[in-house]
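Everything quoted here is computed from the prediction, not taken from an experiment. Lettering follows sequence order; numbering is per chain, from 1.
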Amino acid sequence: MAQPLEFEKPLLELEQKILELQKFSAEKGIDLSVEITTLEHKAVVLKKNIYGRLQPWQKVQIARHSERPNFYDYVQLLFEDFIEMRGDRLFADDRAIVGGVALFKGVPVTVIAQVKGKDTKENLQRNFGMPHPEGYRKALRLMEQAEKFHRPILTFIDTPGAACDLAAEERGQGEAIARCLVAMAGYHVPIISTVMGEGGSGGALALGVGNVVLMLEHTFYSVIAPESCASILWKDPSKAQEAATALKFTAEDCLRLGVADEIVKEPLGGAHKDAHRAGEELARVLEKHLSRLRGEAPEVLRQKRYDKLRAIGIFQEKQRLDQSVSETLTNLDEDVKITE
Amino acid sequence: MAQPLEFEKPLLELEQKILELQKFSAEKGIDLSVEITTLEHKAVVLKKNIYGRLQPWQKVQIARHSERPNFYDYVQLLFEDFIEMRGDRLFADDRAIVGGVALFKGVPVTVIAQVKGKDTKENLQRNFGMPHPEGYRKALRLMEQAEKFHRPILTFIDTPGAACDLAAEERGQGEAIARCLVAMAGYHVPIISTVMGEGGSGGALALGVGNVVLMLEHTFYSVIAPESCASILWKDPSKAQEAATALKFTAEDCLRLGVADEIVKEPLGGAHKDAHRAGEELARVLEKHLSRLRGEAPEVLRQKRYDKLRAIGIFQEKQRLDQSVSETLTNLDEDVKITE
Amino acid sequence: MFKDIFRKTKYVTISSVPAPRRLAPEAAPETVMIRKELPDGLWVKCPKCGEVLFTKDLEKNAKVCTKCSYHFRISARERLELLVDEGTFAEWDNDLQTVDVLEFPGYSEKLAEAREKAQMPEGALTGRGVIEGVPVVLCFNEGAFMMGSMGSVVGEKFTRAIERAIDLRLPVIIFSTSGGARMQEGILSLYQMAKTSAALTRLAEAGLLYISVLTDPTFGGVTASYASLGDILIAEPGALIGFTGPRVIKQTIRQELPPGAQTAEFNQEHGLIDLVVERSQMRSLLGRLLRYHQEGAGYGSAVRI
Amino acid sequence: MFKDIFRKTKYVTISSVPAPRRLAPEAAPETVMIRKELPDGLWVKCPKCGEVLFTKDLEKNAKVCTKCSYHFRISARERLELLVDEGTFAEWDNDLQTVDVLEFPGYSEKLAEAREKAQMPEGALTGRGVIEGVPVVLCFNEGAFMMGSMGSVVGEKFTRAIERAIDLRLPVIIFSTSGGARMQEGILSLYQMAKTSAALTRLAEAGLLYISVLTDPTFGGVTASYASLGDILIAEPGALIGFTGPRVIKQTIRQELPPGAQTAEFNQEHGLIDLVVERSQMRSLLGRLLRYHQEGAGYGSAVRI
Ligand SMILES: [Zn+2]
Ligand SMILES: [Zn+2]
C-alpha cells in the first residue's frame, strides 16, 4: 500500500467512515443508504476539491510518490513493441536513462526515458533516477539514430536532477547535458518531451527540447529542487514548501510561461491510483501531437522548435535608444514585453 | 649517449680507430693523413653499406631506438606555431596521443601525433606510446574540427600498438579505433599520415587513413608486432627476427604493396643521428604533398582516399562464373589479380 | 586435394532470387549451396555445465545447450540457415581466392587446411537474403577458417557486399567471429580494417541500417573495424568480445583479467553493446529491427535538406 | 536610486564602429562606456599565497598575484579592456531589463543590489569587438551580478549576440563565470540554457568558430549549456569549473571532493578542457586562434558539398 499523503487524510477518513457504515448496515440490517449516499457524494466533492486545487508542494509530493508509475509501467500501454538499446558506446550503460526503438500506433519511434527505481535495490541501480554523463551520452547516441532514420523522438522526464557526485564531475556532466541541448535543437524529426514526474533542473532539461512539451497534471518542472532553493535562499531546507510556491513550477505555471504546451490529465487522485488510465490518456495526447507533427516538413519542424525556444524568456526592452535606463525602469510595470 | 645497436658496431669501431689515429698523429707529430683518409673513406662506404641494406629486424631496432626523435622533437622544425588541444571531452586527456592546431608553411593544419616518452617517467605518463580509447577519441574530436574548419590533417604515427589492458577493454578500444577509421574515410580535407617510428597494428592504423601515407626510411608498419607474431606462430618470441622478415613491413614493402606512397629519406644512420635534417626532409615532403592536395576539390579528395583504400588487397578472382573453384586454384600462380 | 573439398558434404539447393537492379554483372546472384554440417559423434559434452547432450538434440536447439543455454560456436552456413527465409539467399563472390602474396612461411599449408576444415574457399560468406520478409545484405565470418581472420579476400568480400547494399538500398547485417586481421597477409590485412570501415562510412551516409552481431569470439582488428560500427550492436550471450585477447594482455602487461571480463554481458555493462540476444530469438529480433528501419516505416518519406 | 548607478564610475569613451551589414536596426552599435573599476583599499591580500599586494601593482598585472599567479576574479568590463583592440568594442542590447515575472520573494531587492554592486543593468555584456585585428562577437558573464547567474536577460543577450554573429559571419567568444541558471526566474531561467544552446547549434552549422573561456567560478546551468559547447575550451589557471558545486555535493550525497577537484587543471586532466591559459597570455592566444580560423585561412575557400 502507498503511504497516504498528508492532504489526502480527510478523504481517506471519509472513505473509511463510508466503509464502516456499509458494514454496520449490512450486519445489523438497518437501511443507511440515504446517509451513505450523502457521504459518498461528500467524498466525491472533497476529492475533486483536494485534487482540483492542489498546492505546489502537494504536487511535488504526488510527483515524487514512491508508487507513481515509472516509464516501465507505461511502456506496454504506450507501445506495441519496445526494444531497449543500451550503452553510450564509451563508458557504461546508465540505468537511470532507458532508451530504444518502439512502435507507437504502428510508427517506429525512438524513446528516451528517465527511470526511478521502485524499491531501494532498484533505486541504487538507477541512482534514484539521477543520470550520470553516460546516461545523457546514451540518450544522445540514440537520438542521433532517430535523426538518421527519420524517427520521431519521444522523451519522458522523471528525475530529481542529474547525478551530483565526483564521478559525474570527472566525466563531464555539464558537457553531456549541453550536448543533448545542442543536438535536440538541430534535429529534423518531431520531438515530444513529456514530464512524467519530477522535472528536476538541467538533468531534466537535457531531454526537454521538444517541439511539444507535455506535462502530466501532477508534475513539476523546476530550475532547482525546492529544498535546495530554500536552503540557498533562506538557509533552511524545511522551507521547501514556500520555495515550491515561489518557483512557479507546476504544469499550469509552465503552460502560462510558454514552456509547456499541454497538460495531460491524470486520474483523480494522481497517476499512481490508476496507471492504466494515466497511460491511456498520455497515449491519446501523444498521438494527437505526433500525428500533427508528422505532417510537417523536417526543416519546418526544426525551425518551429527553434522558434519555441527562442520565445522563452520575459524581459523588458527599451524601445527608443535615447530613453534612459532609469526612466525605463520606473515604467517597468506598464512596459513589460513578452517576446514571441 | 644512445646505446649502440649491434649492426652499428663495426662502424663505431672504425670511427673509434680513426679518432685514435688522429689523436696519435697530433700527439706524436706524425703525418697519418693518408691512412686516416683511407679509413674515413672506408667508414663512409661501410656506413652506406650498413644503412643502405638494413635488414627488417635492424629497421625495427632503429624505429624503436630510445633516442629516435618523437613528435615534440620535430614540432618546431615543422611548424611556425603549435597550439596543443587536450582531452576527449568525455573521460580523460591521453598523453600517448597529442593533437592541436598548427601553422605549417603559413597554413593552419590539424595535427595528431602518437608520442612515446624519452625516459621512464615520461613513458609511464605516455603509456609507452600506446593510446587508450580516450586518445583515439581525442584524435577524433580534433579531426572533426579539422573537417568543420576545412583544415588539412597531418597525422604522425609512432606506437607499438594500442593500449592492451583491462581499462582499454572496458572503455571500448575497438570502438574507438573503428570510429577513427570511419571518420577519416569521410572527410573532405586533405589527410597526410606519416609513419615516424613504429607503426604498430590497429593502434597505428587508426591514424593511417590518409590521402597520402608517408613512411620515414627506417620505420615499419605492421599488422602485428614481430614478437607477437613469432610467439603465436612458432611459440617462440625470440624468433622475432624471422617474423620481421616474413611480415614484409618495411617502408619499401609497404610502398610495393600499395599502402605507402613515398619514403622520406632519413639522414645516414637514422633520424636519431640528426633530428634537424630528418625534420627538414619531412617538412619538404609534407609540403610537396600538401600543396598538391590543397588543389583538389573536397569531394575529389574524399573519393581519391576511398579509391586508395579500396585498391588495397591482393586476391585472385575467377573471371568466368562457369569455371570451377578447383580449376582456378590450380592456375593460381598464372592468374594473380592485383586490384587497382 | 582441393578438388575433394566439397565432396563430403550434403547439399541443399537454394533457389536463386531475381538479379537486383543496378548490380554489376560479376555480382549477379547464382544458385548457391547451403551445407548441413553434422558433428562427428553422437553426443557432445557442454563445456559450460558439463551436461552430456545428444548431438541431434543440440542441433535441434540451434546448438544451444538445452540445460544451461551455453551457445556453441556454429558455422557461417548454419547461421545463415537459422536466419533467412527459406530459399531466399543468393551468395556473392564465392569465387574470390586467396593469394600468398608475402610468401609467408607456412601460409599456403594453413590455407589448405582451413579450406578443408571449414569446407569453404575462404573465411567469409556474403550475399543477399530475406529475413522475415525484409530483404537484406548478409555477411558472415567463418570461425573455422583460420579463426575467422581477415585477409584480403574477407575484406574484399565484405566491402563489395556493403557497396552493393548501397546500390540496392538494402540494410546490412554482419555476423562477426574473428581473431582479427590475418597476420600472414601483413599490412594488406591491416588495411582491410580501413577498407571495410570506409565502405561503412558510405553506407551510413546513404542512411542505411547496419546491424552488427558479435559472436564468440570477436577480437582484434575486426572489433576495431566493422564489428564495432553497427547502428545497433547485438551479441550472443557469453560471447567473448574485445580488442586484445586475455592471453596477450597477460603476456604483455602481466595483467590478469577478472572473471567475466570481455563477455557480451561485460561489454553491455560497459556501454559497448546494445543487446545481448539468445540465438533462438535472433531471427525474430532482426526481423523486427529490419521492419522498423524500412524506408518510409516512420517518418522517412519526408524530404530531407 | 537607480539613476545614480553610473555616477560613481569613471568613464572611458570608446568610439563606435560602423554598423555591420544585415544588422537589425535595434542592434545598431552605439558609443559605449568602459568602466575602470578600482578596488577600495590601497592593498589586498592574496587568498592563495597570503602575500600582501599593492592594489596598483595588482591592477597593472591584470589582477594576477605577482607572487603566486593566483588569478583574482575580475569584472566583465575589465576583461574586455584586457582583450580588445582599443576603441573597437561596440556594446549590444544594454537596454534589456529584467522583469520579476514570478514575483519571487526578495528578487526585486536583489536585482537592485546587484545593479549597484556590478554597476551594470544586468549580468551580461555583449557586443562586437576586434582582437589583434580580427573582428569577433564577445559575450561576458558579470560575476558581481548575482553570481553571474543566467535569467531571461542574460540568455536573451547571449542568444542575440550569437544570432548576430551568424548574420555577420563572425566567430564568437564567451567568457563564462556563473553560478548557473537564476532560480528567481524559475523555469524561464532553465530554458535559457536550451535557448543559448540552440543558437550555438546554428552557429556551428554556419561553420563559425566558438571559443568558450571558463573563468572562476563556472557552475550549474552555464556549464551545462554554452560554456561547455566551444569548439575550443579554455580556462584560467585554478578556476573552479563543474556542474554541481562542492557544497551541494556534500549536502546531497555526503561526498567530500578531493583537493584540487573541479579546478581548471582537474578538468583538463579529465579531458574536459583544451587549454589552461594565464590571463596575461589570453589575448595573444585568442588572436592566434582567431587568425587560424579565419575564412580562407587554410583550405576554407574550396566549395563544400
Ligand atoms: Zn550446458
Ligand atoms: Zn598569491
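- If you measure heavy-atom distances from B/Val182 to chain C, the contacts under 4.5 Å come from both the backbone and the side chain.
- Per-residue counts of heavy-atom pairs under 4.5 Å with chain C were compared for B/Ser201, B/Ser222, B/Gly186, B/Cys254; the largest is that of B/Ser201.
- The two residues C/Leu188 and B/Leu257 make their nearest non-hydrogen contact at CD2-O, 3.7 Å.
- The CD atom of C/Glu269 sits 9.0 Å away from atom CD of B/Glu170, with the distance rounded to the nearest 0.5 Å.
- Considering all non-hydrogen atoms of both residues, B/Glu169 and C/Thr244 come closest at OE2-N, 2.9 Å.
- Neither the backbone nor the side chain of C/Glu122 has a heavy atom closer than 4.5 Å to any heavy atom of chain B.
- Neither the backbone nor the side chain of B/Thr245 comes within contact range of chain C; no heavy atoms are under 4.5 Å apart.
- Heavy atoms of C/Leu229 lying under 4.5 Å from chain B belong to its backbone as well as its side chain.
- Rounding to the nearest 0.5 angstrom, the gap separating the OG1 atom in C/Thr252 from the CD atom in B/Glu227 is 10.5 Å.
- Interatomic distance, C/Thr159 OG1 to B/Tyr306 OH, rounded to the nearest 0.5 Å: 6.5 Å.
- The shortest heavy-atom contact between B/Ile232 and C/Met183 is CG2-CE, 3.4 Å.
- When all heavy atoms of C/Phe243 and B/Gly174 are compared, the closest pair comes out as CB-N, 4.0 Å.
- Of the residues C/Val101, C/Leu102, C/Val153, the one that meets the side chain to side chain contact (heavy atoms under 4.5 Å, CB included) test with B/Ile314 is C/Val101.
- Taking each heavy atom of B/Leu166 and C/Phe266 in turn, the nearest pair found is CD1-CZ, 4.1 Å.
- Looking at C/Ile253, the atoms closer than 4.5 Å to chain B (heavy atoms on both sides) all sit in the side chain, from C-beta outward.
- At least one side-chain heavy atom of B/Arg310 sits less than 4.5 Å from a side-chain heavy atom of C/Lys195.
- Contact of C/Ala204 with chain B is not made at all, since no heavy-atom distance falls under 4.5 Å.
- Between the OG1 atom in C/Thr201 and the CE atom in B/Met184 there is a gap of 11.5 Å [rounded to 0.5 Å].
- Contact of C/Glu205 with chain B is made through the side chain alone, with heavy-atom distances under 4.5 Å.
- In terms of heavy-atom pairs under 4.5 Å with chain B, the best-connected choice from C/Ala224, C/Ser228, C/Ala227, C/Ser152 is C/Ala224.
- In this structure, no portion of C/Lys250 lies under 4.5 Å from any heavy atom of chain B.
- Of the listed residues (B/Asp253, B/Leu247, B/Val209), the greatest number of heavy-atom pairs within a distance under 4.5 Å of chain C belongs to B/Leu247.
- Using a 4.5 Å cut-off between heavy atoms, B/Arg171 touches chain C through its backbone atoms (N, CA, C, O) alone.
- Residue C/Leu272 touches chain B through its side chain alone, counting heavy-atom pairs closer than 4.5 Å.
- Note: C/Ser189 OG to B/Leu205 CG = 11.5 Å, rounded to the nearest 0.5 Å.
- Across all non-hydrogen atoms, the minimal contact from B/Gly202 to C/Leu190 is N-CD1, 3.6 Å.
- For C/Pro246, no part lies under 4.5 angstrom from a heavy atom of chain B.
- Per-residue counts of heavy-atom pairs under 4.5 Å with chain B were compared for C/Ala261, C/Ala181, C/Ala199, C/Gly180; the largest is that of C/Ala199.
- How far CD of C/Glu185 is from CZ of B/Phe315: 11.0 Å, rounded to the nearest 0.5 Å.
- Heavy atoms closer than 4.5 Å to chain C are found in the side chain of B/Ile224, but not in its backbone.
- Neither the backbone nor the side chain of C/Arg247 comes within less than 4.5 Å of any heavy atom of chain B.
- Note on C/Glu163, C/Arg202, C/Gln184, C/Glu103: by heavy-atom pairs under 4.5 Å with chain B, the leading option is C/Arg202.
- A perpendicular orientation is assigned to the rings of C/Tyr191 and B/Tyr221, their planes being inclined by more than 60° (bins at 30° and 60°).
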